[in-house]
Amino acid sequence: MKVTIYIDIYRCKECEACVEQFPEVFFIDENTEKAASKEYEMELTEALEQVISICPAKCIEIE
Ligand code: SF4
């Protein structure tokens, strides 16, 4: 199942946990200094679910 990834950058705490956990997809955008996703749409994998659950701000959302 493909999902769309949204990151609410106003809630992002710049902790980089998502980047450490899943660097293939998540990175810190140099312009906003907040987390961003390289993928707009991707398969809902266990790795993605794990990143969503560890985000302390709960600001990574999928639809
Ligand atoms: S884990 Fe959440 S709060 Fe931390 S950088 Fe990633 S999106 Fe932002």
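FYI, side chains are in, hydrogens and waters are out, and symmetry mates aren't considered; it's all heavy atoms of this structure. As the structure lists them, so they are numbered: ligands from 1, and atoms in each ligand from 1.
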Can you list the ligand 1 atoms lying under 4.0 Å from a non-hydrogen atom of Ala35?
-> 5 (S), 6 (Fe), 7 (S), 8 (Fe)

Report the member of Glu33, Lys58, Glu16 with the shortest heavy-atom distance to atom 5 (S) of ligand 1.
-> Glu16

Side-chain contact test, heavy atoms from C-beta onward, threshold under 4.5 Å: evaluate it for Val51 versus Val25 and give yes or no.
-> no

Do Tyr6 and Met1 sit in the same hydrophobic cluster, where Ile, Leu, Val, Met, Phe, Trp and Tyr count as joined when their side-chain heavy atoms come under 4.5 Å apart?
-> no

For atom 8 (Fe) of ligand 1, the closest protein heavy atom turns out to be Cys12 SG, 2.4 Å

Ligand 1 contact on Ile54 by region, counting heavy-atom pairs under 4.0 Å | neither

Does any N, O or S atom of Cys18, backbone or side chain, fall under 2.8 Å from atom 6 (Fe) of ligand 1?
-> yes

Near atom 4 (Fe) of ligand 1, is there an N/O/S atom from Cys55 that is less than 2.8 Å away?
-> no

Return the residue, atom name and 0.1 Å-rounded distance of the protein heavy atom closest to atom 4 (Fe) of ligand 1.
-> Cys15 SG, 2.3 Å

Following the transitive rule for hydrophobic clusters with a side-chain heavy-atom cut-off under 4.5 Å over Ile, Leu, Val, Met, Phe, Trp and Tyr, establish whether Ile52 and Val3 coincide in one cluster.
-> yes

By number and element, which atoms of ligand 1 are closer than 4.0 Å to a non-hydrogen atom of Cys59?
-> 2 (Fe), 7 (S)

Hydrophobic cluster membership, Ile62 vs Phe26, 4.5 Å side-chain cutoff | yes

May I ask you to identify the nearest protein heavy atom to atom 3 (S) of ligand 1, giving residue, atom name and distance to one decimal place in Å?
-> Lys13 N, 3.2 Å

Should Ile5 and Tyr10 be regarded as members of a common hydrophobic cluster, given that ILVMFWY residues are connected when their side-chain heavy atoms come within less than 4.5 Å of each other, either directly or indirectly?
-> yes

Met42 with Ile60, same ILVMFWY side-chain cluster at under 4.5 Å = yes

